[in-house]
Amino acid sequence: MSEDQDITGAHANGPSAAPPQRTSPAGPDLKALPRGVPDPALAEYEAFSAVALTDTERWPSLSAEGFAGMQALRDHPHAPAWVHVCGDRVMPDDLPVLRERAADAAQRSWEPRGEVWARPGWVDELVQRVSTTVPHYRSLARREGRAPRSLDDVAPVSRDDLGRGVADFVPVDVPLDRVLEGSSSGSTGAALVVPLHPLSTAAEVVYLTDLAARAGVTWEAEPGRTCLLNVVDQRTAFTYASALTAKGGAPMARVNVHPDGWRAPGDREAFLADADAQVLSGNPLSLLALADLDIELHPLVVFSGAAHLAPGARRRLEQRWGVPVVDVYGTREAGLVAADLTGDRTTDGQTRHTVLPRRVHVEILDEHGTPVPDGERGDVVVTVDDNPYLPLLRYRTGDTAALVRERDAEGTWATVLVGLEGRAAVRFQTADGRWVPSVDTTQLLQAYGLAAWHLHQAADGTIHLAALPTRATPPTVATVPAQPGLSTLDTALTALLGRPVLTTTVSDPRDLGPGAKRRFSSDLDV
C-alpha cells in the first residue's frame, strides 16, 4: 500500500490521525527519541520512518517542471523539518476521468431534476452491484435468502462494522494494485485504516476547485507559487512537500505551524511568506494559529474542515485575509460530503451545509435505521460510489443534522444539512496557562491503544478521561503501558497537559456519555 496524501484536512476525522503502532517502539529514555517526537508512543512520527516508494512511483504523471517545483519546496532554505513523503499516484489515464468529474460537478450532473425530488438512479444501481461483489452484503444475502433490491432494503453500517474487518467491504472484483492507505480517527477517536483509490483522493482537488468557483474564486495554478498549503498546529505531525497532478503538477505542502516543527527561529515566517499559497486549508484552530502569525499572505480562498467552524472564527479568518472562507464537511471513509460557502444561518441560527454535486447520497435516519421526515434531526448517513475500494451503503458518519431539499430556478434539487453537529474544536489549558489542542491528546490516546474516549476539562481546570480500551489493552489502561518500554498513559497525558488526569475505565461505549461523540469537551472559555 502507498501512503495517503492528505489534500485538504477537510475530513471530520481531521488531518492528524495517528498511524498504527509500531511493533518496536523507542525506549523510555526521552533523550534518545528522534527530534520532534515527544513521547515513545509516537515513534511513528520519526522523520521518513515510513518511506517506501520512489518519487516517480508517487507521481507517475508529473512533468519535470512539476518535480522542480516540488523540489524547490523541499530544499527551501527555511523549510520545516519534513517528516514524510507521499504522492497522489495519479496515472495519465486518470486525467480524463478527473476532467469528467470536474464537468459533472460544474453541471451538477448527479443531482436530481424534476417537479418532485426523487432518489438518483445510480444509488439503487450501486446497491445491486455491491450486493454481488462486496463480501459483507454477499454474506447477508446468503443468510437472508435474497439480495437487496434497493437502498430501502439495506441496513445501515457504522465505523464499528468497518473496524471489525474493513476487507469485508472491499469489492472482490476490483484489482488491488493501486490501493492507498488512509487513516481515520472518526467520531470515537480510535484509528481505522481505510483503503482509498488515487482517483478518490485526487478528486478532492476537483471538488474544492468547484467550491471555490461557487464562492466566486477561480483557482488555477500560478507558476512560481505554492498551489495549496494544508496547515496543522500540534507538537508532532506528518509534514511534507508534494505536487497536485490535478492542478498540472503544481506544488503543495503540509506544514505544522507549531514552533516545534521548524529548524530555527524565523524559518516558519520566512517559508510561509515565500510559499504564499493560493489556497489555505486546515482545521479551525490551525487556521487561527496561522492567522495570528505576523506574515503577509495572499490566499484566494480558505477551506476549513475537520471540526466545527464557529461564527467568530469565520469572521476572524475573513477579516485576516479578505477572502471567502468555506466550511467543508466530510469523513475519510466517504470523502467530502457538504460545504457551507457563506456562513448564512437559518432564522433560528442553525448552519446550512449543501451536499456536494458528486456521487454521494445523504439520508437522515433514526437510531433504528428508519428515515425521518425532512426537517427532523437524526443521524447523517451517506451512500457513496466514488472510491472503487470502499463503496458505502448507508454509512453512519456519527454526526447529526436535519435535512431539507431545495429546488432552484433551473429545476435542480440540492440537499441541505441544517444544524450539522460534528466535532467541536477543543483545546485544553495547562496549569501554567498554555493551550494544548485536542489533536495532541488524540495522538497519545490512539498510540496507547484506546478504542474510544471522552476527555473533558472542568471549569476549575481539572482533566477527566473516560477511556474505552480495545480488547488487546489491559483494563487498567491508566496505569499499564500500551507496549513494553512505554511510559504509562496517565504519565504521558500529565506531562502533556501539565495537570493530573483523573481516569475512569469503561467497558461499554454508552458509558462515555451523551457528549462522547465529540471525544473532547471543556468548560473553560476557549
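The structure displayed is predicted, hence computed values, not measured ones. Computation of the quantities below employed the complete heavy-atom set of this structure, encompassing side-chain atoms and omitting hydrogens, waters and symmetry-equivalent molecules.
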Using a distance-only test with no angle check, is there a side-chain donor-acceptor pair under 3.5 angstrom linking [X] and [Y]?
{"X": "D233", "Y": "S286", "result": "no"}
{"X": "S521", "Y": "H454", "result": "yes"}
{"X": "T412", "Y": "R108", "result": "no"}
{"X": "R396", "Y": "S158", "result": "no"}
{"X": "D327", "Y": "H353", "result": "yes"}
{"X": "R254", "Y": "T239", "result": "no"}
{"X": "Y329", "Y": "D340", "result": "no"}

Inter-residue atom distance [X].[atom1] - [Y].[atom2], 0.5 Å rounding:
{"X": "L393", "Y": "F169", "atom1": "CG", "atom2": "CZ", "answer": "9.5 Å"}
{"X": "R101", "Y": "T209", "atom1": "CZ", "atom2": "OG1", "answer": "14.0 Å"}
{"X": "T331", "Y": "Y395", "atom1": "OG1", "atom2": "OH", "answer": "6.0 Å"}
{"X": "T503", "Y": "L455", "atom1": "OG1", "atom2": "CG", "answer": "8.5 Å"}
{"X": "T133", "Y": "Q128", "atom1": "OG1", "atom2": "CD", "answer": "11.5 Å"}
{"X": "L196", "Y": "R178", "atom1": "CG", "atom2": "CZ", "answer": "12.5 Å"}

For this session: Start with the C-alpha gap between R394 and T383, add the side-chain angles, then the distance that decides, and say whether side chain to side chain donor-acceptor pair (under 3.5 Å) holds.
Result: CA-CA 5 Å; R394 283 190 160 176; T383 296; 5.8 Å; no
Would you say [X]'s side chain and [Y]'s backbone share a donor-acceptor pair under 3.5 angstrom?
{"X": "D88", "Y": "L244", "answer": "no"}
{"X": "R89", "Y": "L180", "answer": "no"}
{"X": "D366", "Y": "G378", "answer": "no"}
{"X": "H368", "Y": "T370", "answer": "no"}
{"X": "Y389", "Y": "P175", "answer": "yes"}
{"X": "W413", "Y": "G114", "answer": "yes"}
{"X": "D94", "Y": "V90", "answer": "no"}
{"X": "R407", "Y": "V116", "answer": "no"}

side-chain contact (heavy atoms from CB on, under 4.5 Å) with L228: of P299, S281, S242, only one passes, and it is S281
Under the criterion side-chain contact (heavy atoms from CB on, under 4.5 Å), I'd like the reasoning laid out for V380 against L420: C-alpha separation, chi angles, the key distance, then a yes or no. CA-CA 9 Å; V380 178; L420 178 65; 4.2 Å; yes
When you check the gap from the basic side-chain N to the acidic O, do [X] and [Y] get nearer than 4.0 Å?
{"X": "D104", "Y": "R99", "value": "no"}
{"X": "R214", "Y": "D210", "value": "yes"}
{"X": "E333", "Y": "R159", "value": "yes"}

Side chains of [X] and [Y], heavy atoms from C-beta outward: is any pair under 4.5 Å?
{"X": "D386", "Y": "V360", "result": "no"}
{"X": "R345", "Y": "R352", "result": "no"}
{"X": "V382", "Y": "V337", "result": "yes"}
{"X": "T351", "Y": "T346", "result": "no"}
{"X": "K247", "Y": "V205", "result": "yes"}
{"X": "V179", "Y": "P195", "result": "yes"}
{"X": "L465", "Y": "L493", "result": "yes"}
{"X": "F428", "Y": "V426", "result": "yes"}

If every non-hydrogen atom of [X] is compared with every non-hydrogen atom of [Y], which pair is closest and at what distance?
{"X": "A250", "Y": "C227", "answer": "CB-CB, 3.6 Å"}
{"X": "W59", "Y": "V85", "answer": "CH2-CG1, 4.3 Å"}
{"X": "T354", "Y": "A414", "answer": "CG2-CB, 4.1 Å"}
{"X": "L356", "Y": "L336", "answer": "CD2-CB, 3.8 Å"}
{"X": "P284", "Y": "S304", "answer": "CG-OG, 3.5 Å"}
{"X": "V328", "Y": "A339", "answer": "CG1-CB, 4.1 Å"}

- prompt: Given the rule in the side-chain contact (heavy atoms from CB on, under 4.5 Å) test, do E125 and D385 qualify, once you have shown the distances and angles that lead to the verdict?
  reply: CA-CA 10 Å; E125 293 173 4; D385 189 28; over 6 Å; no
What pairs of donor and acceptor atoms, side-chain ones from residues 137-147 against any protein atom, are under 3.5 angstrom apart with sequence neighbours left out?
{"unit_1": "R138", "atom_1": "NH1", "unit_2": "T132", "atom_2": "O", "d": "3.4"}
{"unit_1": "S139", "atom_1": "OG", "unit_2": "R143", "atom_2": "NH1", "d": "2.9"}

- [ ] Start with the C-alpha gap between W122 and H361, add the side-chain angles, then the distance that decides, and say whether side-chain contact (heavy atoms from CB on, under 4.5 Å) holds.
- [x] CA-CA 10 Å; W122 66 263; H361 173 64; 4.1 Å; yes
Worked check of side-chain contact (heavy atoms from CB on, under 4.5 Å) between S150 and R119: CA-CA 11 Å; S150 74; R119 186 163 63 204; 4.1 Å; yes
